[in-house]
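Both backbone and side-chain heavy atoms feed into the values below; hydrogens, waters and symmetry mates do not. Throughout, residue positions are numbered sequentially from 1 according to the sequence presented. From a predicted model like this one, the values you see are computed outputs, not experimental measurements.
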Amino acid sequence: MSAFIPYSTQSIDASDYDAVLETLMSPYLTCGPKAGEFEDAVCSFTGALNAVAANSCTSALHLAMLALGVGPSDIVYVSAISFAASANCARMCGAQVEFVDVDPKSGLMDMDCLEQMLDEAQGEGRLPKAVVAVDLSGRCVDLKRLRELSMRYGFKVVEDAAHALGATFNGRIAGCGDYSDITVLSFHPVKIITTAEGGMALTNDAALAQKMRDLRSHGIVHEKERLKDQTRPAYYYEMQDLGWNYRMCDLLASLGISQMRRVNVFLELRRRKAAMYRDLLSGACGIGLPEPDTEGYESSWHLYQVRIENGRRDEVYKELRSKNIGVQVHYLPIYRHPYYWDTGRYAPLPGAEEFFSKTLSIPLHPTLSHLQQQLCAAALMSAAEGR
Ligand SMILES: Cc1ncc(COP(=O)(O)O)c(C=O)c1O
C-alpha cells in the first residue's frame, strides 16, 4: 500500500532549520526580538497595524475576548461549524455562547441567520457583545455584511482566520482590519505557515493591541510611563491586571519569520492544487466541489472540502482511510460536543447539520505531488460512486 497522505502537513526546509538554530545559539530563547520581528512580518503581509504573537490561536482567541471585555454577563455568537476553540474562548471568560447557522454548502456563517438572530435579540435586550466568525477552510466569510451588522447592532467582530492567512476579501488580505476588530491566526503545522504551536491576534486598534500584549504576559507592565508608581528604580514592575503566560517564544517566532518568507509560495501551491482538484473532479457523480476563487476573493485553501451528496460520507471516509488517504471531517457542529450539548441549551441547526453530514476534507498541502492528487481524486470518485 502507498504511504499515508495526510490532509495537510507542514513544509519545512533548510532555511527553517538555519533560522531556528541561529536563535538557539542567541541569548534569547523566550519572548525576545524574534517575536517582535515575526509580528512585523505578519503586519506587513496583511496590512494590519498591530500584531500580538501568542503560543496558540486558542490563546489569541482568549486574549481577543479578554481585550474586548467579554465577561460572565455577556453573550457571544459563534459560527456553528468550526474547531471548538472558536467558541471556548467565550466560555473561558464565563460568557454564554449562541451558535449561528452556516451555509450548508460552504460552512460559512449565514448572514441572513445572523441578522435574524440579532433582530430577535434586540427585541429581547439580549444582543451579543461579540461575534466570532470563521473563515472556514481559508475562504473569508462575508466580512462586509458582518461589518454592516456590527455597526447596526453594536457588537465587536472577531474574525477567526486560523485557516485563512493570505486569503482575500474584496481584494484585501484577511486581517487587514477593514472589517474586523480583531483577527486571529493559527500556525499549527497543518495551517498555511507553521511555528509548530502558535497563533497571533491582529488589530488596527492600538488600545486593544496593548491590552492583549499585557494580558499575554501576566498583566505585567514594565514601561515607566505606564506604572502607577513611577518613583521606583528600574527593577520595578507592576501587575496591573490578571493575565496569563501566552507568549510565543523566540525559537518558534524565528521559524515563523522563516516561513513567512515563503508564504506566497505556499499560497500559490495550494491555489494551483485546488484548481487541479477542480479539473480532476469536475463532473464527478455525487461530489459537490467548493466554490472556485474569483478575483479579489481568493481562498488560502487550507482545506479542500468536498460534499458527498448521496449520504455515503462515512463510507467514503472509511474507504479512503483504508487506502491510506488521510481524509478528515471538519467539523462536528460545536454545539454537538457533549460539553455544550449536555447543557440542553442547544438545538440542531439545519445548515450546520447538513454541512457536517456531507463534508469531507481531502489532502491538500504544498508538498502533495501531482501523482498523489490523481490517486486521491480517483479513490474519491470510486468511493463516492460505491464502486
Ligand atoms: C478555526 C480554528 N480556530 C482556532 C483554532 C485553534 O488553533 P490552535 O491550535 O493554534 O490553538 C483552530 C485549530 O485548528 C481552528 O481550526
Side-chain angles (χ1 to χ4, degrees), residues 27-40 42-43 48-76 85-97 128-132 150 154-160 175 177 180-187 195 197-253 256:
Y28 298 101
L29 299 189
T30 61
C31 203
K34 291 294 176 190
E37 222 182 284
F38 182 38
E39 288 168 347
D40 291 347
V42 178
C43 279
L49 297 183
N50 306 279
V52 181
N55 54 13
S56 71
C57 179
T58 304
S59 313
L61 278 163
H62 190 195
L63 290 173
M65 291 288 119
L66 293 163
L68 294 173
V70 170
S73 58
D74 293 316
I75 297 168
V76 174
S86 308
N88 296 351
C89 57
R91 295 293 306 130
M92 289 174 197
C93 299
Q96 193 175 306
V97 173
K129 185 156 207 160
V131 172
V132 181
S150 91
F155 59 83
K156 298 292 182 189
V157 174
V158 175
E159 181 185 358
D160 184 339
S180 56
D181 295 284
I182 299 176
T183 299
V184 294
L185 301 168
S186 171
F187 309 123
T195 59
E197 294 283 2
M200 199 174 277
L202 307 174
T203 180
N204 286 354
D205 182 323
L208 287 178
Q210 184 64 64
K211 186 92 185 155
M212 290 191 284
R213 210 162 274 135
D214 290 347
L215 294 175
R216 166 180 76 172
S217 199
H218 309 283
I220 284 175
V221 170
H222 290 272
E223 305 92 314
K224 182 145 193 181
E225 64 284 4
R226 297 179 58 218
L227 297 174
K228 296 201 192 277
D229 180 349
Q230 301 193 351
T231 65
R232 307 285 195 115
Y235 65 79
Y236 181 76
Y237 59 82
E238 292 172 351
M239 190 194 114
Q240 295 185 350
D241 211 340
L242 180 62
W244 282 258
N245 179 352
Y246 280 167
R247 296 185 300 262
M248 172 178 277
C249 72
D250 263 25
L251 271 184
L252 300 185

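- We find the CH2-OG distance between Trp244 and Ser217 to be 13.0 Å, quoted to the nearest 0.5 Å.
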Please report, to 0.1 Å, the donor-acceptor pairs under 3.5 Å made by any side chain of residues 30-38, with sequence neighbours excluded.
none

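- The structure places SG of Cys43 at 8.5 Å from CG of Asn204, a figure rounded to the nearest 0.5 Å.
- The main-chain N or O of Lys211 is never found under 3.5 Å from a side-chain atom of Asp214 such that the two would form a donor-acceptor pair.
- Using a 4.5 Å heavy-atom cutoff, the side chains of Met65 and Val132 are in contact.
- Annotation: salt bridge (charged side-chain N to carboxylate O under 4.0 Å, His left out) contacts of Glu225 (sequence neighbours excluded): none.
- One distance of note links OG1 of Thr203 with CD of Glu159; it measures 11.5 Å at 0.5 Å rounding.
- How far CZ of Arg226 is from CD of Gln240: 6.5 Å, rounded to the nearest 0.5 Å.
- Minimum heavy-atom separation, Cys57 to Val184: SG-CG2, 3.8 Å.
- A distance-only check finds no donor-acceptor pair linking the side chain of Glu197 to the backbone of Asn55 [under 3.5 Å].
- Side-chain contact check for Cys93 versus His62: some heavy-atom pair is nearer than 4.5 Å.
- For Asp181 (side chain) and Val158 (main-chain N/O), no donor-acceptor pair under 3.5 Å exists by modelled atom type.
- Applying the ring pair (Phe, Tyr, Trp, His ring centres under 6.0 Å) test to Tyr236 and every residue at least two apart in sequence or in another chain returns nothing.
- The nearest pair of heavy atoms linking Met239 to Leu242 is CE-CA, 4.0 Å.
- For the pair Glu238 (side chain) and Lys228 (backbone), a donor-acceptor distance under 3.5 Å is present.
- With rounding to the nearest 0.5 angstrom, the CD atom of Glu39 is 8.5 Å from the CE atom of Met248.
- Remark: Leu208 CG to Leu63 CG distance equals 11.5 Å, nearest 0.5 Å.
- Residues Asn50 and Met212 are not in side-chain contact: their nearest non-hydrogen atoms beyond the backbone lie 4.5 Å or more apart.
- Of all heavy-atom pairs between Ala54 and Ser59, the closest is CB-CB, 4.1 Å.
- Of all the heavy atoms in Val221 and Leu227, the pair that sits closest is O-CD2, 3.5 Å.
- Nearest heavy atom pair, residue Ala85 against residue Leu61, reads O-CD1, 3.5 Å.
- Thr183 approaches Gly175 most closely through the heavy-atom pair OG1-CA, 3.6 Å.
- Using a 30° and 60° split on the angle between ring planes, His222 and Tyr237 fall in the tilted class, from 30° to 60°.
- With Arg213 contributing its side chain and Ala51 its backbone, the two residues share a donor-acceptor pair below 3.5 Å.
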